[in-house]
Colleague: 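Submitted below is the structure of interest, expressed as structure tokens.
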Amino acid sequence: MALKEISDLLVIGLKNSLGIGYDILINGIGVVSIVLLFICFQMKNRSKILKFNIFAAIGWTTFFILNGDFTSALMNIIGICRILVFLQRGKHEWAKSRAWLYIFLAISLLGSILTFKIWKDAFSLVAGLLGTVGFYVLDEKLLRK
């Protein structure tokens, strides 16, 4: 079964079983995720920004899965892994390598290509690449930009 068919079955099944509750659920998760992202960038230091962003990414992953958008969900899962590695940069020598930046850029690019369905999937590609570069930097001001 193709990814598009799985996606369609999931969305149709949830819409049929939850009715209007489906729209309320996914939009509620989206609003919570937006609020979490807003709060995330209000934090004072990089570590708190990254840790809080993990919760926002979990919300977005759920939102995109429920919408049948597996490309965006995959980019968020990759993003969570990326943040977990980048959080270790000040603690462990292995995490300080610039290779991690290129590894996560390559993973984001490959994941987007493999799950690409329609033109709007290009947004998750760009977001994944920009997020990787953004969360790699150590300067909080630059990270917020």
Colleague: When you group the ILVMFWY residues by side-chain heavy-atom contacts below 4.5 Å and let the links chain together, are Val137 and Leu50 in the same group?
Modeller: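 They do share one cluster, since a chain of ILVMFWY contacts under 4.5 Å joins Leu50 to Val137.
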Colleague: Identify, with sequence neighbours excluded, every residue that meets side-chain contact (heavy atoms from CB on, under 4.5 Å) alongside Asn45.
Modeller: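 Expected list: Ser47, Lys48, Glu140.
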Colleague: Could you tabulate the donor-acceptor pairs under 3.5 Å formed by side-chain atoms of residues 23-38, not counting sequence neighbours?
Modeller:
{"from": "Asn27", "atom 1": "ND2", "to": "Asp23", "atom 2": "O", "distance (Å)": "2.8"}
{"from": "Ser33", "atom 1": "OG", "to": "Ile29", "atom 2": "O", "distance (Å)": "2.9"}
{"from": "Ser33", "atom 1": "OG", "to": "Trp60", "atom 2": "N", "distance (Å)": "3.4"}

Colleague: Return the CG to CG distance between Leu87 and Asn53, rounded to the nearest 0.5 Å.
Modeller: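 If I round to the nearest 0.5 Å, the distance is 9.5 Å.
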Colleague: Does Ile49 share a hydrophobic cluster with Leu130, counting links as ILVMFWY side-chain heavy atoms below 4.5 Å and allowing steps through other members?
Modeller: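 In one cluster with Ile49: Leu130, no.
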Colleague: Give the cluster check for Val126 versus Leu74: same hydrophobic cluster or not, with ILVMFWY residues linked at side-chain heavy-atom distances below 4.5 Å.
Modeller: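 No, because Val126 and Leu74 fall into different hydrophobic clusters, even though each may have its own neighbours under 4.5 Å.
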Colleague: Which residues pass the side-chain contact (heavy atoms from CB on, under 4.5 Å) test with Leu110, not counting sequence neighbours?
Modeller: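 In terms of side-chain contact (heavy atoms from CB on, under 4.5 Å), with neighbours along the sequence ignored, Leu110 is linked to Leu114.
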Colleague: Do the side chains of Ile83 and Leu109 join up, straight or via other hydrophobic residues, at under 4.5 Å, putting them in one cluster?
Modeller: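 They do share one cluster, since a chain of ILVMFWY contacts under 4.5 Å joins Ile83 to Leu109.
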Colleague: Under 3.5 Å, side chain of Asn16 to main-chain N/O of Ile12, donor-acceptor pair present?
Modeller: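 Flag set: sc Asn16 to bb Ile12 pair under 3.5 Å.
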Colleague: Got a donor-acceptor contact below 3.5 angstrom from the Tyr22 side chain to the Leu66 backbone?
Modeller: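 Yes.
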Colleague: Is the CZ atom of Phe55 crowded by more than 12 outside heavy atoms at less than 6.0 Å?
Modeller: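 Open.
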Colleague: For the residue pair Phe52 and Met43, what are the closest heavy atoms and their distance?
Modeller: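 Smallest heavy-atom distance, with atoms named: CD1-CE, 3.6 Å.
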Colleague: How long is the straight-line distance from CG of Asn76 back to CD1 of Ile54, given to the nearest 0.5 Å?
Modeller: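 The CG atom of Asn76 is 12.0 Å from CD1 of Ile54, to the nearest 0.5 Å.
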Colleague: Within a 6.0 Å radius of atom CZ on Phe123, are there more than 12 heavy atoms belonging to other residues, nucleotides or ligands?
Modeller: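 It does not: Phe123 CZ has 12 such atoms or fewer within range.
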Colleague: Excluding sequence neighbours, so at least two apart, what forms side chain to side chain donor-acceptor pair (under 3.5 Å) with Thr132?
Modeller: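 Expected list: Arg82.
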Colleague: Using the test side chain to side chain donor-acceptor pair (under 3.5 Å), find all partners of Asn67 that sit at least two apart in sequence or belong to another chain.
Modeller: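 Result, side chain to side chain donor-acceptor pair (under 3.5 Å) vs Asn67: none returned.
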Colleague: Name each donor-acceptor pair under 3.5 Å that joins a side chain in residues 94-107 to protein atoms two or more places apart or in another chain, with its distance.
Modeller:
{"from": "Lys96", "atom 1": "NZ", "to": "Glu93", "atom 2": "OE1", "distance (Å)": "3.4"}
{"from": "Ser97", "atom 1": "OG", "to": "Ala99", "atom 2": "N", "distance (Å)": "3.1"}
{"from": "Trp100", "atom 1": "NE1", "to": "Trp94", "atom 2": "O", "distance (Å)": "2.9"}

